[in-house]
There are 2 protein chains.
Amino acid sequence: MADNHKPPTMADIARIAGVSLMTVSRAFKPDSLINKETRAAILKTAEDIGYVFDSTASNFRSQKSDFVAVTIPAISNPNFADTVGGLADALASRGLQILLGYTNYHMQNEERLIEQFLRRKPQAIVVTGGKHTDRARKLLKNTHMPVIETWDAPSEPIGNFVGFSNALAVRQMVDHFVEKGYRSIAFIGGDVGRDTRGSDRRMGFVAAMIAHGLDATRLIAAGPPPISALEGAAAMARLLETYPDTEAVICVSDQSAFGALTECQRRGRVVPTDIGVGGFGNFEIGEVSTPRLTTIDPFSRMIGQRTAGLILDILDGRPGDNVEIAPSLIVRESSR
Amino acid sequence: MADNHKPPTMADIARIAGVSLMTVSRAFKPDSLINKETRAAILKTAEDIGYVFDSTASNFRSQKSDFVAVTIPAISNPNFADTVGGLADALASRGLQILLGYTNYHMQNEERLIEQFLRRKPQAIVVTGGKHTDRARKLLKNTHMPVIETWDAPSEPIGNFVGFSNALAVRQMVDHFVEKGYRSIAFIGGDVGRDTRGSDRRMGFVAAMIAHGLDATRLIAAGPPPISALEGAAAMARLLETYPDTEAVICVSDQSAFGALTECQRRGRVVPTDIGVGGFGNFEIGEVSTPRLTTIDPFSRMIGQRTAGLILDILDGRPGDNVEIAPSLIVRESSR
DNA sequence: GATGCTCCTGTTAACGGTATCATCCGGGAT
DNA sequence: ATCCCGGATGATACCGTTAACAGGAGCATC
C-alpha cells in the first residue's frame with residue numbers, strides 16, 4: 001500500500017462514494033437521518049481508504065468537545081483511582097473521554113491544570129476537594145460548564161458537589177472509639193494544610209473529642225501526603241514516645257494506619273487490647289492486615305459514578321442536585 | 001460583570017488592543033518574534049476580558065495536537081499508575097497532555113481505545129504490553145506517529161518499546177530460589193491468557209524450572225487480573241491442599257504474594273523456613289509486610305520516564321532507540 | 001390536483017486559530 | 001544615497017468538519 005502524502009478526509013470519501021460531503025458527515029453520526037445502504041457504502045469506502053475521523057475538526061466546528069476534565073491529587077492513591085475509574089466507565093457509555101491531571105496535592109498545580117483544561121472547552125470539569133486557589137475559583141466560576149467538586153461537601157460550592165464532610169466522617173470513628181471505652185485517643189496525619197481532606201479529618205477529630213469532653217491535643221504530624229505505611233509507623237513511634245499511655249489512634253488513611261499497626265506490634269502492644277487503631281479509606285491493605293483495620297468506607301467508586309450521573313443530568317438539562325455521600329464506619333478487629 | 005453571549009476570541013483582543021489578529025496569536029506563543037511591550041499589553045487585554053485560549057482551534061489549524069495517548073490495563077494497579085505518573089511528569093515540561101484510557105485487561109477494549117485516540121491525532125501513542133488484537137496492530141502500524149509498547153520486550157515491536165521480558169525477570173527469581181535450596185516451587189497466577197504479562201511470567205517460570213531440571217507443573221490459577229490479596233490467599237490455600245510438600249511459591253504480583261503469605265501464616269507455615277514466598281512489582285505492601293517480600297522491581301516509574309524520553313527523541317528527530325529495562329531482584333525476608 | 005408530511009440529500013458558510021508571505025521601519029555597511 | 005538585514009507587524013488563505021437551511025422524491029390525505 002503506497003503512502004500518499006495527505007491522509008484522506010471526508011471530501012475524499014464523498015468523491016469516491018459519489019455523495020456529498022454532508023452525507024459522509026452524517027454517516028458518521030449514529031443517529032442521523034441517512035439511508036442505511038448509503039451509510040454502509042460510505043463506511044466501507046472509509047475503511048477501504050484508511051480514513052480516520054478527525055475529532056479535532058469535529059470538536060472545533062461544533063464548538064464542543066467530548067472531554068470531561070478531572071483533576072485528582074495523585075493517581076497512586078487507590079481512592080482517587082477508584083473514583084476516576086467509576087467516572088470513566090460511566091461516561092464512556094456516552095462517548096465522553098476523561099482528561100486527567102494530577103495535582104500532587106498542590107493547589108498551585110491544580111490551578112495550572114484547570115487553566116489548561118479550560119482551553120479545551122470540556123463538557124464539564126471535576127475537581128477534588130472544595131479548596132482551591134483564588135484564581136482557580138475565579139476561573140471555575142467564570143466558566144459556563146458544569147463544575148463538580150468531589151470528596152468534600154463545601155459550604156460554598158462553586159457549582160455542584162459529590163462528596164461528604166471529612167470532619168463528620170471522622171466523628172463517626174471517634175464516637176465508635178469512645179463508645180468502646182477508649183479515652184486517650186490520638187490522631188496521626190493531616191498536619192499539612194495543603195492536604196485539605198487530611199486536615200479536615202484532623203479538625204473533625206479535634207471537634208469530636210472536644211464534644212466528648214476528651215483531650216484533643218494528641219496530634220501527631222506525619223508530613224505531606226501521600227503518607228506511606230512507613231511514615232505511619234514512624235508517626236506511631238513518635239506518638240508512643242510522646243504519649244505512652246495512648247489507648248487508641250485514628251489515622252488519616254488506611255496506609256498510615258497499617259504502618260501504625262505494625263509499629264504497635266513491633267513494640268509488643270497488642271491491638272486492639274492495648275491500643276485501638278482506626279484508618280480511613282477502606283483500602284485493601286486494611287482488609288488483609290492482621291488484625292484487619294477498622295476504617296471508614298468513603299465509597300470511592302460510587303463518588304465517581306454519581307459524579308458521572310450528575311454531569312449527564314446537567315448536560316441533558318435535568319436539574320443537577322448535589323450528592324451527599326454517607327461514608328460508612330466499618331468495624332473490624334483493630335478496635336474493640 | 002455582565003455576561004455577553006459569546007466568549008471572546010483573539011479577534012476581540014486584536015480590536016481592543018489595536019493590533020492585528022496575527023500579533024495576538026504571536027503573543028500567546030512563548031518564543032515568537034514579538035515586541036515585549038506589545039505582548040504584555042495583549043496579555044493584559046486578554047486577562048481583562050476573560051479570554052480563554054482555544055486549544056481545539058489551535059490544534060486544528062496547526063494540524064497537530066499536544067496529546068500523548070496512553071492505554072494501561074487498570075489505573076488501580078500501582079505499577080501502571082507509577083508509569084503513567086513518570087510519563088506525565090516528564091511530558092508536562094513540553095506541554096504535552098496525557099490522554100489516558102483503561103483496558104481493564106481486555107485487548108478488545110484496548111482496540112477500541114486506540115481507535116478513539118487516533119482520531120485525535122496525538123503526538124505519540126503508548127500502549128501497555130506487546131500483544132494486541134490484529135486490528136489494533138494494523139491501526140498502529142498504519143499510523144505515522146510514534147508507537148511505544150511498554151512493560152514488555154516484544155520480538156516484533158510495532159514501533160519502539162520500553163520494557164523487559166517478563167519471562168526473564170521471573171527466571172531471576174527462580175534462579176534465586178533454586179540457589180537458596182528450594183526445589184518444589186510453585187507459581188500462582190498468570191493462568192488467564194488475556195493478562196499477557198502474567199502469563200509471560202508463568203511461562204518464564206515454567207521455562208526456568210525446566211532449565212533447572214525441576215518439576216514445573218505446580219501451577220495454580222488465581223483467576224483474571226487484577227489479582228487481589230484475598231485471591232492470592234485463596235490460591236495459596238488450594239496450592240497447599242494440592243501440593244502439601246511445596247517448598248516455595250512465586251506469585252504473579254506482590255498483591256497476591258502478600259495474600260499467599262498471610263495464608264501460610266494462618267496455617268502455621270513459617271515463612272521463609274517452611275516455605276519461601278516471592279512476588280513481583282515491588283509494591284509498598286511487600287515492604288511493610290512481616291516478613292517483607294522478596295520481589296522484583298520493574299522500575300515502573302522509570303518505564304514512564306524513559307518512554308517520555310523516547311517520545312521526545314523521536315519528535316525532535318533524534319533516533320529513537322528501544323529501551324531495555326533490567327528489572328532487579330530484591331531479596332527480603334520472605335525467602336531464605 | 002393541491003397540500004402536507006416523511007425521508008433523504010445537497011449547498012453554503014462558518015468555527016478560531018496559524019502558516020505563509022508580504023511589508024515596513026530603523027540602522028549599519030558599502 | 002543605496003543596499004541590506006533583522007526585528008516587528010499585517011493581510012490572507014485555509015485546516016476538516018458540521019450547523020443551518022434548502023430542496024426533491026415519494027406517498028398519503030383532503
- Check the pair Val19(B), Val24(B) against side chain to side chain contact (heavy atoms under 4.5 Å, CB included), reporting the backbone distance first and the verdict last. CA-CA 7 Å; Val19(B) 295; Val24(B) 178; 3.8 Å; yes
- To the nearest angstrom, how far is Lys36(A) atom NZ from dC7(C) atom C1'? 15 Å
- Query: What is the nucleic acid contact for Ile34(B), judged by heavy atoms within less than 4.0 Å: base, sugar-phosphate only, or nothing?
  - Reply: sugar-phosphate
Please tabulate, one pair per line, all N/O donor-acceptor pairs under 3.5 Å involving side-chain atoms of residues 95-104 of chain B, not counting sequence neighbours.
| from | atom 1 | to | atom 2 | distance (Å) |
| --- | --- | --- | --- | --- |
| Thr103(B) | OG1 | Tyr105(B) | N | 3.1 |

- Note on the structure: Checking Asn160(B), Thr307(B), Ile158(B) against Glu149(B) for side-chain contact (heavy atoms from CB on, under 4.5 Å), the one that qualifies is Ile158(B)
- Query: Just checking Thr38(B): base, sugar-phosphate only, or nothing, at a heavy-atom cut-off of under 4.0 Å?
  - Reply: sugar-phosphate
- Task: Examine dG10(D): is either OP1 or OP2 under 4.0 Å from a nitrogen or oxygen in the side chain of Thr23(B)? Give yes or no.
- Result: yes
- In whole angstroms, how far is the P atom of dT17(D) from the CZ atom of Arg120(B)? 14 Å
- Query: Could you state the CD1-C1' distance from Ile42(A) to dG10(C), rounded to the nearest angstrom?
  - Reply: 12 Å
- Once base and sugar-phosphate atoms are separated, protein heavy atoms under 4.0 Å mark nucleotides 14-19 of chain C, 5' to 3', with B, S and - as BBBBBB
- Pair Phe67(A) and Phe67(B), ring centroids less than 6.0 Å apart: yes
- Rounded distance (Å) that lies between atom P of dA19(D) and atom CG of Leu33(A): 14 Å
- Could you check whether the rings of Phe80(A) and Trp151(A) sit parallel, tilted or perpendicular, using 30° and 60° as the cut-offs? perpendicular
- Query: Can Val68(B) and Ile125(B) be said to form a side chain to side chain contact (heavy atoms under 4.5 Å, CB included), step by step?
  - Reply: CA-CA 6 Å; Val68(B) 168; Ile125(B) 183 157; over 6 Å; no
- Message: Expressed as a whole number of angstroms, how long is the span from Asn35(B):CG to dT9(D):C1'?
- Response: 10 Å
